[in-house]
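Reading through the structure tokens given below for one structure.
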Amino acid sequence: MSSSILVLGGGIIGLSCAFELRRRGFRVTVLEIGKCGGQASGAAAGMLAPFSENTEEPDPFFRLCLESLRLYPDWQRDIKEIAGPGFDFEYTNSGSLYVFYHEADILAMETRMQWQNEYGAAAELLDANGLSKLEPKISPKAAGALYYPRESHVYAPGYVKALEQACRLTGVVIRDGLERVSVSALEGGAAVTAASGERIAGDLLVVCSGAWTGLMEETFGLPIPIYPIRGQICAYETPDMPVNHMVFCSQGYVVTKRNGTLVCGASEDVAGFDTSVTRRGIARLQSWNGKLFPFLAGMQPFHEWAGLRPATNDGFPLIGALKRSPSVIFASGHYRNGILLSPVTAQLVANLIEQRGTGDIPMAAFDPERFNV
């Protein structure tokens with residue numbers, strides 16, 4: 001392949017698209033205003049949990065998430081092999097638990113388990129005794145849980161660094177620290193102008209700008225309802241690693257990392273592009289995590305941070321080429337599932353460029369022009 005592709009955005013989606021396109025033979029340049037993975041990607045908790053986080057029905061978004069989970073074992077192995085020594089990152093098949101507190105929730109859990117098991121969840125409904133065997137430090141007030149043995153998690157900062165290294169080693173050109181860029185040409189190719197005035201041209205443009213994509217409506221001449229949601233997260237020092245699985249409830253999640261850190265998230269609010277941490281946001285997490293795991297009551301987190309999640313009006317990302325400008329492909333608006341959706345998004349973008357099929361993924365649901373009514 002001789003096509004030159006510009007990838008706008010060096011977060012996990014942009015780096016994933018660049019990695020997949022480069023190993024298919026394309027010439028790829030990543031354009032990043034700040035540093036790679038410096039926004040939502042590096043701040044993520046890294047859960048790969050399509051069953052725990054999609055609870056209603058097997059809609060197109062759930063199917064997209066499930067396909068990406070299937071791709072992950074080979075995907076993360078390939079990245080580690082190419083990145084090489086020193087760039088290993090945690091990928092743990094811990095399984096997950098979705099905890100409920102009331103016996104009245106059992107029917108809803110059974111219904112959910114039934115349809116999810118049709119999609120390979122291998123879920124099991126646990127009573128309070130079964131739950132306590134898997135998580136001895138769980139609250140005695142918990143009535144039970146859905147157990148998902150096939151869900152996993154990664155350490156997001158390590159994943160981003162390894163993916164960036166794999167991109168560089170395979171020949172992806174990464175131009176970061178650009179301060180500001182503007183798309184200046186869309187016909188017969190793509191061009192991006194940096195703040196310095198430098199014009200960088202390519203045959204195709206892949207837009208992976210996350211929460212900032214919504215600021216480009218005038219550039220592309222269509223509505224792009226992507227906006228930032230601030231997600232605040234905290235972490236506790238737990239060297240004895242008292243939590244064995246990813247544990248979800250209706251209010252959030254906790255997950256233990258290999259380094260003994262227990263991550264708790266996420267408190268969400270609308271704050272524009274403000275990534276500051278607030279006392280109110282962290283207090284929301286502390287208000288429920290001590291009820292889920294009593295040992296957390298009274299403990300103070302040693303680290304608190306926030307990231308901007310690119311949300312859309314309908315909750316689905318924008319993935320696909322623009323009909324009016326086929327040289328522009330969108331891969332944005334993944335909300336809190338960017339880490340999970342990185343391999344499937346990269347595969348879909350590459351398949352679209354190569355004019356391959358997209359399998360069973362209902363791409364119309366992710367059409368970037370679906371809001372243009």
Side-chain angles (χ1 to χ4, degrees), residues 12 40-53 69 72-73 76 80 88-101 122-124 126 128 130-142 144-162 231-267 277 281-282 284-307 336-340:
I12 198 66
S41 301
M47 276 95 63
L48 312 177
F51 299 109
S52 294
E53 296 199 288
L69 180 67
Y72 240 100
Q76 58 88 29
K80 290 175 180 177
D88 189 23
F89 59 90
E90 179 180 4
Y91 167 72
T92 301
N93 180 222
S94 62
S96 64
L97 294 158
Y98 191 98
V99 175
F100 57 93
Y101 289 95
E124 180 183 353
L126 305 176
L131 172 59
S132 66
K133 288 180 180 178
L134 292 183
E135 290 292 347
K137 295 188 178 296
I138 200 79
S139 169
K141 295 182 180 180
L146 275 178
Y147 172 48
Y148 298 106
R150 297 181 177 175
E151 295 191 322
S152 307
H153 63 92
V154 298
Y155 182 62
Y159 173 29
V160 172
K161 290 179 181 178
Q232 299 186 57
I233 305 175
C234 66
Y236 299 85
E237 292 181 311
T238 54
D240 55 338
M241 302 181 75
V243 179
N244 302 319
H245 305 78
M246 293 183 290
V247 181
F248 295 84
C249 67
S250 61
Q251 295 165 300
Y253 60 82
V254 296
V255 54
T256 297
K257 298 301 179 179
R258 189 183 295 163
N259 61 8
T261 296
L262 183 68
V263 177
C264 175
S267 174
V277 175
I282 300 302
R284 288 176 187 162
L285 302 176
Q286 294 175 302
S287 70
W288 63 262
N289 65 30
K291 297 176 183 177
L292 183 66
F293 284 101
F295 72 86
L296 287 174
M299 282 185 67
Q300 291 302 311
F302 80 96
H303 185 37
E304 302 168 354
W305 69 98
R336 61 186 185 187
N337 291 280
I339 299 292
L340 169 60

Can you name the nearest heavy-atom pair linking [X] to [Y], along with the distance?
| X | Y | answer |
| --- | --- | --- |
| Asn244 | Pro136 | ND2-CD, 3.9 Å |
| Leu285 | Ala266 | CD2-C, 3.7 Å |
| Gln232 | Ala306 | CG-CB, 4.0 Å |
| Val243 | Val254 | CG1-CG2, 4.4 Å |
| Ala44 | Ile339 | CB-CG1, 3.7 Å |
| Gln286 | Tyr236 | CG-OH, 3.7 Å |

Next item on the list: Have a look at Leu48 and tell me which of Val154, Asn337, Thr92 forms a side chain to side chain contact (heavy atoms under 4.5 Å, CB included) with it.
Entry: Val154
Margin query: Taking side chain to side chain contact (heavy atoms under 4.5 Å, CB included) as the criterion, tell me which of Val277, Val263, Ile282 meets it with Cys234.
Written below: Ile282
Next item on the list: Check whether any side-chain N or O of Lys80 sits under 3.5 Å from a backbone N or O of Ala162 as a donor-acceptor pair, and report yes or no.
Entry: no
Looking at side-chain heavy atoms only, is the closest gap between [X] and [Y] below 4.5 Å?
| X | Y | result |
| --- | --- | --- |
| Tyr98 | Ser250 | yes |
| Ile138 | Leu97 | no |
| Phe89 | Gln76 | yes |
| Asp240 | Phe295 | no |
| Leu292 | Val247 | yes |
| Glu151 | Pro50 | yes |
| Trp288 | Ser267 | no |
| Pro242 | Phe293 | no |

Margin query: Under 6.0 Å from the ring centre and within 45 degrees of the ring axis: does the NZ or CZ of Lys141 meet both conditions for the six-membered ring of Tyr101?
Written below: no
Next item on the list: Assess whether side-chain hydrogen bond (donor to acceptor under 3.5 Å, both in side chains) is satisfied between Tyr155 and Asn259, documenting all intermediate values.
Entry: CA-CA 10 Å; Tyr155 182 62; Asn259 61 8; 4.6 Å; no
Next item on the list: Mind telling me whether Phe248 and Tyr253 have parallel, tilted or perpendicular rings, with 30° and 60° as the class edges?
Entry: tilted
I need the [X] [atom1] to [Y] [atom2] distance, nearest 0.5 Å.
| X | Y | atom1 | atom2 | result |
| --- | --- | --- | --- | --- |
| Lys257 | Ser94 | NZ | OG | 8.0 Å |
| Leu340 | Glu53 | CG | CD | 8.0 Å |
| Met246 | His153 | CE | NE2 | 6.0 Å |

Next item on the list: Any chance you could lay out the side-chain contact (heavy atoms from CB on, under 4.5 Å) test for Glu237 and Met299, step after step, and finish with the verdict?
Entry: CA-CA 9 Å; Glu237 292 181 311; Met299 282 185 67; 6.0 Å; no
